[in-house]
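In this text the structure is predicted, and so the values were computed from the model without any measurement.
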Amino acid sequence: MSEASFRLRQALLTPRQVLPNIFAVSVLISTSTLYAASRGCRFPSSLGSPPGDVEQGDLVDELWQDQAKRREIRLGEWIHSWDTPCEEDLIQNFMSAEVSKELDDILLPHIASLQKLLDSPDLNQYGAEAYPVIDYILRSKKKPDDVGAYSIPFCGDISSHEYAKIARWFSENVPGASGQVEKWLGGMPLVHAFTLVVAHRKASDFEKCIEARNEEWNDSMLLKMAWADLMISYPTNSFVADVDLECLTALEARMFEDSEEAGPAGNQQWGLDVGQHHRRWNVYVGIPDEWVSARDYSESELEVRKTLPAPFDRYLTYVIDSAAPYSVITLMLHLWSLQTSYPKL
């Protein structure tokens, strides 16, 4: 990806509406090809569908060290790189996952056995053929943790999103599970649910494999093959980097770094001369500490040259977000232009 650079796109104004400046992260692959990504951008409903291809002439970059230009640009709202959920977050916040009808069909017939695994710590009372995960625990001589749970590291090619869906199903459907998350999340009962899901989804593939080997096909063999699949398979995206997120992180580091090198432009200058960002978004909340370092500041960096009185400012924000007629905003902007400068409070 040679000559890669990072850009922001500004939304166009429609004839009867003034929309907030909405920016989408874009990656310039070469001098002639540009791909725009609207992932993570929070577009107002009045905009309709997100913008498509972006022409190079419509772009503005991070404006490194350019204090004056930064003060002239209001930012549209997007999800910051540091607020983007990672794989671990998706699993820990499993109750936010989508509800899956498919899991009802697969797992509801097995609720009794799943509850038994959750409630009964004595592994010797179970048949290893019906519970491959127990056979693994006994053979590997794993020890329970402080809460009596067995941590099992296998989930096969089940993605983090699927993992979260199954965990939510388990919590909502297995009696007593919601109050004992520490006993099953990442542990034996949930991994048995993974085994059942894989067995259901890949049954025809497993059966063909057994037939090719002239072996007997039965439910026990199906579960064994599903368990083996859990142990050796990986999600297709396991080794794929999230380039979009990496680009966004690099871009935001250049946009929001406050250091001697960044100069006055790094001192929260975006939009100071033109008003609030989209929906009064505070773009600086949560900035990583390593992007901010001590330096000498001047009072001029905090000055706001054009600020609406509070009632006008609040109403303008409402009008923009609700896509009011253009004439209303034109009148307000005219009133704004008649004002003198106000210092930042």
From [atom1] ([X]) to [atom2] ([Y]), nearest 0.5 Å:
{"X": "D104", "Y": "N173", "atom1": "CG", "atom2": "CG", "answer": "6.0 Å"}
{"X": "H200", "Y": "I106", "atom1": "NE2", "atom2": "CD1", "answer": "4.0 Å"}
{"X": "S259", "Y": "E290", "atom1": "OG", "atom2": "CD", "answer": "12.5 Å"}
{"X": "H80", "Y": "I287", "atom1": "NE2", "atom2": "CD1", "answer": "6.5 Å"}
{"X": "Y131", "Y": "K116", "atom1": "OH", "atom2": "NZ", "answer": "5.0 Å"}
{"X": "E252", "Y": "S81", "atom1": "CD", "atom2": "OG", "answer": "4.0 Å"}

Open item on the list: Tell me every residue that passes ring pair (Phe, Tyr, Trp, His ring centres under 6.0 Å) with F94, counting only those two or more places apart in sequence or in another chain.
Closed with: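 Counting only residues at least two positions away or on another chain, F94 forms a ring pair (Phe, Tyr, Trp, His ring centres under 6.0 Å) with W184.
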Taking [X] for the side chain and [Y] for the main chain, is one N or O donor matched with an acceptor at less than 3.5 Å?
{"X": "N93", "Y": "S96", "answer": "no"}
{"X": "R168", "Y": "A97", "answer": "yes"}
{"X": "T249", "Y": "L245", "answer": "yes"}
{"X": "R70", "Y": "L63", "answer": "yes"}
{"X": "H277", "Y": "L75", "answer": "yes"}

- [ ] Would you check, one step at a time, whether the test side-chain contact (heavy atoms from CB on, under 4.5 Å) holds for E102 with K165?
- [x] CA-CA 10 Å; E102 179 201 20; K165 287 182 182 180; over 6 Å; no
Open item on the list: Suppose we call two aromatic rings close when their centres sit under 6.0 Å apart. Are Y163 and F194 close by that rule?
Closed with: yes
Side chain to side chain, [X] and [Y], heavy atoms closer than 4.5 Å:
{"X": "E257", "Y": "W64", "answer": "yes"}
{"X": "S293", "Y": "E260", "answer": "no"}
{"X": "F206", "Y": "D229", "answer": "yes"}
{"X": "H192", "Y": "H110", "answer": "no"}
{"X": "I152", "Y": "K142", "answer": "yes"}
{"X": "M225", "Y": "I210", "answer": "yes"}
{"X": "V174", "Y": "P189", "answer": "no"}
{"X": "L196", "Y": "L223", "answer": "yes"}

Task: Whether Y136 and W227 hold their rings parallel, tilted or perpendicular, with breakpoints at 30° and 60° - done: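 Y136 and W227: tilted rings.
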According to a 4.5 Å side-chain heavy-atom criterion applied to Ile, Leu, Val, Met, Phe, Trp and Tyr, with indirect links allowed, do [X] and [Y] form part of one hydrophobic cluster?
{"X": "L90", "Y": "V197", "answer": "no"}
{"X": "L230", "Y": "I134", "answer": "yes"}
{"X": "I232", "Y": "M221", "answer": "yes"}

Task: K202 bridged to D157 by N-O distance under 4.0 Å - done: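 Salt bridge: yes.
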Task: R201 bridged to E162 by N-O distance under 4.0 Å - done: yes
- [ ] Give the intermediate values and the outcome of side-chain contact (heavy atoms from CB on, under 4.5 Å) for residues E261 and Q65.
- [x] CA-CA 8 Å; E261 184 182 2; Q65 297 180 332; 4.2 Å; yes
Open item on the list: For a side-chain contact (heavy atoms from CB on, under 4.5 Å) check, start with the C-alpha distance between D258 and Q268, then their side-chain angles and the critical distance, and finish with the verdict.
Closed with: CA-CA 8 Å; D258 187 5; Q268 303 188 7; 5.8 Å; no
Open item on the list: If I compare all heavy atoms of A265 with all of Q67, which pair ends up nearest, and what's the gap?
Closed with: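 Closest pair (atom of A265, atom of Q67, distance): CB-N, 3.6 Å.
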Task: Heavy atoms of other groups near D89 CG, more than 12 under 6.0 Å - done: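 Counting other residues, nucleotides and ligands, CG of D89 exceeds 12 neighbours.
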- [ ] Go through W82 and W291 one step at a time and tell me if the ring pair (Phe, Tyr, Trp, His ring centres under 6.0 Å) criterion holds.
- [x] CA-CA 12 Å; W82 58 84; W291 294 0; 5.6 Å; yes
- [ ] Begin with the C-alpha distance, continue with both residues' side-chain angles, and end with the deciding distance and a verdict on side-chain contact (heavy atoms from CB on, under 4.5 Å) for I73 and V274.
- [x] CA-CA 7 Å; I73 295 180; V274 289; 6.0 Å; no
